[in-house]
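As structure tokens, the structure follows; a few thoughts come after it.
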Amino acid sequence: MRINYIVSFKKQVRTMGEDINLKSRTQNVKFNKATPSKHSTLFRTSKAQLLASVKKLKSNEYTFIGMGDGWAGNGQASNAIFGSVLSAIRNLKKKPLFILHNGDAVFTGSDQEFKTGGTYSGVPVKSLLQLIKDPNKGVPDIPFFIVPGNHEHTGINGPLTNFRKYIGPAHFGINLPKIKTTIIGLNNSQQIGTDSNGQTIYGFAPGELAFLRNHLKKAQKNTLLTMHVAPRIGKWANPRYFQDPTSTFGNARGQLTRFLSTVRGKVPQVLMGHVHALDQLTFQGTKYTISGGAGAPLVKKGFLKGAPTPIFHMIEFTVKCGVIVKRRVIPVGDTA
């Protein structure tokens, strides 16, 4: 999200989609030989890990992690917080089955931030993938799925070339009948216009809503949808609630109307980021959760009217028999 922030670090140092169906894709797969090649994307590596883990799962209960807006590779401060998130995941009593990242995992969409690492004020800074795959401090053994945010684009509304190269498809669907779960990731960080004040209007990239409708036809009881920008609904539709009009997407090109009619009664949980804070609401039976506290500078207190004080965090979800039975916010970093 590109707005004016107050930096909250007290110790700062300055399209192609993928469709997976577990039932139809696992019969001829030998998971002990399914090690991805060195050129494999994070998505393909995570997909292989998830399919293998679900196949071995003996319980009808599991956990997963939701997070967003980490800005990894952008500096020591954001990396320190994102590293704290990864450490918190490693220290959980129960290992999560997978991790969902709601976008803006990096800041500029560069090779350095995604893959190679770079320097910040002359100090070496690790990349997103270096942090995730670190065998001692990262989570290389946990499936990690990311959808694109506005910062994953190379330049404002630029291409997602590096995202696709290193992370994977801009949208995906994973159907896991054994655990009554479907995971859908969408790209709604596309600039589809500007308003009368010249502010960016974000929305779904072409074909995203059709992709969503198609995958919901065979979706499981526990359908998890992750995307970057929250819809302008409920209290979020109040123009005084957010200080920045680009915080949510509205009904430009009829997208909001079509989105709501598509998910109603079919998607119990939607995860989003973009706003560097924590907030949630329930609308037409669907729980919407904004989680944007994985490393990017937090918004000012009061940016969201009536919302909790912004904190760095992640969320642990517990699923039992295809139903989310618990949501636990875990503070990290300076706000832990």
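Worth knowing before you read on, the calculation uses all heavy atoms, side chains too, and leaves out hydrogens, waters and symmetry mates. Since the structure is predicted, the reported quantities are computational estimates derived from the model, not experimental observations.
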May I ask you to check whether [X] and [Y] show a side-chain donor-acceptor distance below 3.5 Å?
X    : Y    : answer
D279 : Y288 : no
S53  : Y62  : no
H228 : N150 : yes
Q280 : R327 : no
T108 : E113 : yes
Q269 : T289 : yes
S189 : H153 : yes

Heavy-atom distance under 4.5 Å between the side chains of [X] and [Y], does that happen here?
X    : Y    : value
S46  : F144 : yes
D134 : Q130 : no
T182 : I174 : no
E61  : K94  : yes
L225 : V263 : yes
L176 : L51  : yes
L57  : I179 : yes
I184 : L212 : yes

Quick check on the hydrophobic clustering: are [X] and [Y] connected, directly or via other members, by side-chain heavy-atom contacts under 4.5 Å?
X    : Y    : answer
L92  : V332 : yes
L256 : I192 : no
I201 : V229 : no

Are any side-chain N or O atoms of [X] and backbone N or O atoms of [Y], one a donor and one an acceptor, separated by less than 3.5 Å?
X    : Y    : result
T181 : P177 : no
N197 : Q199 : no
E152 : G149 : yes
D69  : G273 : no
K178 : K55  : yes
R240 : K305 : no
T282 : G285 : no
Q220 : N175 : no
Q190 : G203 : no
N102 : M272 : yes

Qualifying residue for side-chain contact (heavy atoms from CB on, under 4.5 Å) with I315, from L100, I330, L271, V329
V329

How long is the straight-line distance from [atom2] of [Y] back to [atom1] of [X], given to the nearest 0.5 Å?
X    : Y    : atom1 : atom2 : value
I99  : I146 : CD1   : CD1   : 9.5 Å
K165 : T161 : NZ    : OG1   : 9.5 Å
I65  : K95  : CD1   : NZ    : 12.5 Å
F283 : K235 : CZ    : NZ    : 13.0 Å
F145 : H101 : CZ    : NE2   : 14.0 Å
M314 : S291 : CE    : OG    : 10.0 Å

Quick one, T200 with D195, criterion side chain to side chain contact (heavy atoms under 4.5 Å, CB included). Give me CA distance, side-chain angles, the key distance, then yes/no.
CA-CA 7 Å; T200 296; D195 64 18; over 6 Å; no

What verdict does the side chain to side chain contact (heavy atoms under 4.5 Å, CB included) test give for V323 and N222, after you've listed the backbone C-alpha separation in whole Å, the side-chain angles of each residue and the deciding distance to 0.1 Å?
CA-CA 6 Å; V323 177; N222 179 41; over 6 Å; no

If you take all heavy atoms of [X] and [Y], which pair is closest and at what distance?
X    : Y    : value
L86  : L131 : CD1-O, 3.5 Å
K221 : G322 : CG-O, 3.7 Å
S127 : F114 : OG-O, 3.5 Å
V267 : T286 : O-OG1, 2.7 Å
L278 : A307 : O-CB, 4.3 Å
T154 : G109 : OG1-O, 3.6 Å

Atom [atom1] of [X] with >12 non-hydrogen neighbours under 6.0 angstrom:
X    : atom1 : answer
K287 : NZ    : yes
K326 : NZ    : no
K180 : NZ    : no
R264 : CZ    : no

Test H276 against every option in F312, F303, W71 by the ring-ring contact (aromatic ring centres under 6.0 Å, His included) rule and name the one that passes.
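Exactly one pass, corresponding to W71.
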
Before you tell me yes or no, could you show the steps for V299 and L304 under side chain to side chain contact (heavy atoms under 4.5 Å, CB included), namely the whole-Å CA-CA distance, both residues' side-chain angles and the distance that decides it to 0.1 Å?
CA-CA 9 Å; V299 299; L304 295 84; 4.0 Å; yes

Under the side chain to side chain contact (heavy atoms under 4.5 Å, CB included) rule, what do T41 and I167 come out as? Steps first, then yes or no, please.
CA-CA 5 Å; T41 63; I167 305 304; over 6 Å; no

Ring center gap for Y202 and F249 short of 6.0 angstrom
no

Determine whether the aromatic ring centres of F204 and F259 lie less than 6.0 Å apart.
yes

Can you classify the ring geometry of F64 versus F98 as parallel (below 30°), tilted (30 to 60°) or perpendicular (above 60°)?
parallel

From CA spacing to verdict: side-chain hydrogen bond (donor to acceptor under 3.5 Å, both in side chains), T116, D111:
CA-CA 6 Å; T116 62; D111 291 276; over 6 Å; no

